[in-house]
Amino acid sequence: MESSMTDSLESSEERLIASILAGVPCAGPAILLGAGHDAAVLRPSSGALDVVTTDAMVESVHWDDRLTPADVGYKLVAVNASDLGAMGARPGWALLCVALPDPPDTAWLSDFTTGLAEGLLAFDLALAGGDTVRAPGNRRFLSLTAGGRAARVIGRRGAVPGDVLWVTGWLGAAAAALLKPSPPEQLRIALARPRPPVAFGARLGESGLVNAMMDLSDGLACDLGRLCRASGVGVQVDETALPVHPLLLGSERTLALTGGEDYGLCFAAGAASTPRLLHLAAASDVSITAIGRFDDGDGPRLANGSWPSPSFEHFGHPGDADAF
Ligand SMILES: [Mg+2]
């Protein structure tokens with residue numbers, strides 16, 4: 001980790017860096033030289049593709065006090081790992097950038113580091129380095145860049161007419177938690193501790209069964225439109241087949257379509273692959289549900305009713321989850 005701060009601040013920043021590094025996994029098979037140098041050195045890959053992603057979280061925009069500092073640390077890793085899995089990659093290394101108000105809240109940082117370590121361990125990532133800086137205001141800013149490797153990558157462009165549309169897990173729980181100032185714990189956990197099926201994504205990539213894939217960060221209403229545009233296809237979605245989270249009642253059930261932050265996978269695969277997909281999902285302890293069929297139409301549609309306009313907002317700030 002490197003600092004650009006003045007001498008007087010360097011010692012406190014070095015203490016911050018040391019406290020983060022002491023609490024998280026910093027070594028792994030992907031890292032040849034990690035934190036403690038001017039830059040990290042990754043091990044060369046033999047034939048595998050390097051896959052890299054980055055995701056930022058800003059206090060009051062991407063989280064509020066429904067998340068503990070440990071939740072924030074965990075989630076910062078989970079959302080990045082989710083993108084790696086969605087590409088069919090196995091996670092390996094991460095770089096962390098934190099901007100903290102001055103003076104830094106050491107108790108907050110300690111809890112954050114605990115959650116960060118939980119996330120890194122859960123998704124097989126090791127911290128290869130990073131940077132800490134002073135934030136000018138009173139909001140914390142966090143960014144993680146994560147990398148992994150894939151024998152072959154999937155992406156959003158390969159869906160073809162006739163493919164089946166699949167999603168993993170339950171939908172809508174995190175969005176329901178966002179609507180409640182004090183959500184019940186089962187919903188709060190869905191928001192604070194998402195469990196993207198990263199290893200399953202990698203297995204799907206290796207299986208060669210999947211034509212297009214992405215993770216559901218902003219909700220089906222938004223994300224499925226992106227996948228259709230990238231592939232140049234349409235899809236007819238069976239609303240009655242959606243795996244609505246069982247705790248969602250009444251009008252909340254529409255959040256399975258319009259809500260975000262579930263971090264499940266959405267993918268397209270040929271109908272003939274269904275038995276092998278179901279077997280792979282069962283072997284990976286992941287539930288998958290077929291919810292539609294791709295065609296040569298224009299974007300996603302519902303059998304009964306119009307496709308909802310994307311309405312997902314992070315804590316009242318629309319559209320800021322659209323990574324590129
Ligand atoms: Mg994504």
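For the pair His62 (side chain) and Val58 (backbone), a donor-acceptor distance under 3.5 Å is present. A donor-acceptor contact shorter than 3.5 Å is absent between the side chain of Ser273 and the backbone of Ala269. Side chain of Ser110 to backbone of Thr106: no donor-acceptor contact under 3.5 angstrom is found. In this structure, the side chain of Ser306 does not engage the main chain of Leu302 through any donor-acceptor pair within 3.5 Å. At distances below 3.5 Å, not a single donor-acceptor pair connects side-chain atoms of Glu59 with backbone N or O atoms of Arg139. The closest donor-acceptor contact from the side chain of Asp163 to the backbone of Ala159 lies at 3.5 Å or more, if one exists at all. Panel note: side chain Ser207, backbone Leu209; a donor-acceptor pair is recorded below 3.5 Å. At least one donor-acceptor pair under 3.5 Å links the side chain of Arg293 to the backbone N or O of Gly162. Distance alone, capped at 3.5 Å, is enough to place a donor-acceptor pair between the His245 side chain and the Leu247 backbone.
Pro196 has its side chain out of reach of Asp215: every pair of non-hydrogen atoms, C-beta onward, lies at least 4.5 Å apart. Between Val167 and Phe267, the closest side-chain pair of non-hydrogen atoms is not below 4.5 Å. Using a 4.5 Å heavy-atom threshold, the side chains of Leu165 and Leu224 count as touching. You'll find the side chain of Val160 stays beyond 4.5 Å of the side chain of Phe294, heavy atoms only. Between Pro91 and Val198 the shortest side-chain heavy-atom distance falls below 4.5 Å. Taking 4.5 Å as the limit, every side-chain heavy atom of Pro104 sits out of range of all side-chain heavy atoms of Leu109. Considering only heavy atoms from C-beta on, Trp170 stays 4.5 Å or farther from Val244 through its side chain. Using a 4.5 Å heavy-atom threshold, the side chains of Leu216 and Leu220 count as touching.
With rounding to the nearest 0.5 Å, the separation of CZ in Arg195 from CG in Asp262 is 14.0 Å. Distance CZ/Arg226 to OG/Ser217: 6.0 Å, rounded to 0.5 Å. How far OG1 of Thr113 is from CG of Leu96: 8.5 Å, rounded to the nearest 0.5 Å. From Thr274, atom OG1 reaches atom CD1 of Ile288 across 8.0 Å, with rounding to the nearest 0.5 Å. Taken to the nearest 0.5 Å, the OG1 atom of Thr145 stands 7.0 Å off from the CG atom of Asn80. To the nearest 0.5 Å, atoms CG (Asp50) and CZ (Arg149) are separated by 5.0 Å.
Between Trp166 and Ala290, the shortest heavy-atom contact is CE3-N, 3.4 Å. Across all non-hydrogen atoms, the minimal contact from Ala175 to Gly259 is CB-CA, 3.4 Å. Scanning both residues, Met213 and Arg156, for their nearest heavy atoms gives O-CG, 3.8 Å. Among all heavy-atom pairs drawn from Thr168 and Pro197, the shortest one is OG1-CG, 3.7 Å. Of all heavy-atom pairs spanning Pro275 and Ala272, the tightest one is CD-O, 3.6 Å. Leu95 and Gly130 get closest at one heavy-atom pair: CD2-N, 4.4 Å.
Both Ile291 and Leu248 are members of a single hydrophobic cluster when ILVMFWY side chains are connected at heavy-atom separations under 4.5 Å. Hydrophobic clustering (side-chain heavy atoms under 4.5 Å, transitive across Ile, Leu, Val, Met, Phe, Trp, Tyr) keeps Leu204 apart from Tyr263. A single hydrophobic cluster is seen to contain both Val286 and Leu265, as judged by linkage of ILVMFWY side chains at heavy-atom distances under 4.5 Å, directly or through other members. The hydrophobic cluster containing Val164 does not contain Leu227, counting ILVMFWY residues as joined when their side-chain heavy atoms lie under 4.5 angstrom apart, directly or transitively. Taken together through direct or relayed side-chain contacts under 4.5 Å among Ile, Leu, Val, Met, Phe, Trp and Tyr, Met214 and Trp307 form part of one hydrophobic cluster.
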Next item on the list: Report the C-alpha separation of Glu185 and Arg188 in whole Å, then their side-chain angles, then the decisive distance to 0.1 Å, and conclude whether the salt bridge (Lys or Arg N to Asp or Glu O under 4.0 Å) test is met.
Entry: CA-CA 5 Å; Glu185 187 59 9; Arg188 194 197 73 82; 3.0 Å; yes

Next item on the list: Walk me through it: do Lys75 and Glu118 pass the test salt bridge (Lys or Arg N to Asp or Glu O under 4.0 Å)?
Entry: CA-CA 10 Å; Lys75 189 166 182 175; Glu118 289 169 351; over 6 Å; no

Notebook entry, point to check: Where do Leu178 and Arg66 land on the side-chain contact (heavy atoms from CB on, under 4.5 Å) test, with the steps shown first?
Noted result: CA-CA 9 Å; Leu178 273 176; Arg66 282 170 289 195; 4.1 Å; yes

Next item on the list: Could you go through the side-chain contact (heavy atoms from CB on, under 4.5 Å) check for Leu187 and Leu191 one step at a time?
Entry: CA-CA 7 Å; Leu187 292 182; Leu191 176 68; over 6 Å; no

Notebook entry, point to check: After noting the C-alpha distance and the side-chain angles of Arg229 and Arg157, does the key distance pass the side-chain contact (heavy atoms from CB on, under 4.5 Å) rule?
Noted result: CA-CA 8 Å; Arg229 278 194 297 278; Arg157 292 184 180 159; over 6 Å; no

Note to self: Evaluate Leu144 against Asp55 for side-chain contact (heavy atoms from CB on, under 4.5 Å), listing each step before the verdict.
What the structure shows: CA-CA 6 Å; Leu144 198 80; Asp55 233 322; over 6 Å; no

Check: Do Glu239 and Arg301 pass the salt bridge (Lys or Arg N to Asp or Glu O under 4.0 Å) test, and can you show the C-alpha distance, the side-chain angles, and the key distance before you say yes or no?
Finding: CA-CA 10 Å; Glu239 200 171 1; Arg301 305 177 312 281; over 6 Å; no

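Atom CZ of Arg43 is surrounded by more than 12 heavy atoms from other residues, nucleotides or ligands within 6.0 Å. Counting non-hydrogen atoms of neighbouring residues, nucleotides and ligands closer than 6.0 angstrom, the CG atom of Asp298 reaches no more than 12 such neighbours. Heavy-atom contacts from other residues, nucleotides or ligands closer than 6.0 Å to CZ of Arg193 number more than 12.
Remark: Met87 pairs with Val51, Val153 by the side chain to side chain contact (heavy atoms under 4.5 Å, CB included) rule, at least two apart or across chains.
No hydrogens or angles considered: nothing links the side chains of Asp111 and Thr114 as a donor-acceptor pair under 3.5 Å.
Relative orientation of the Tyr74 and Phe123 rings is tilted, given thresholds of 30° and 60° on the angle between their planes.
For residues 91-116, the set of pairs meeting the ring-ring contact (aromatic ring centres under 6.0 Å, His included) definition, not counting sequence neighbours, comprises Trp108-Phe112.
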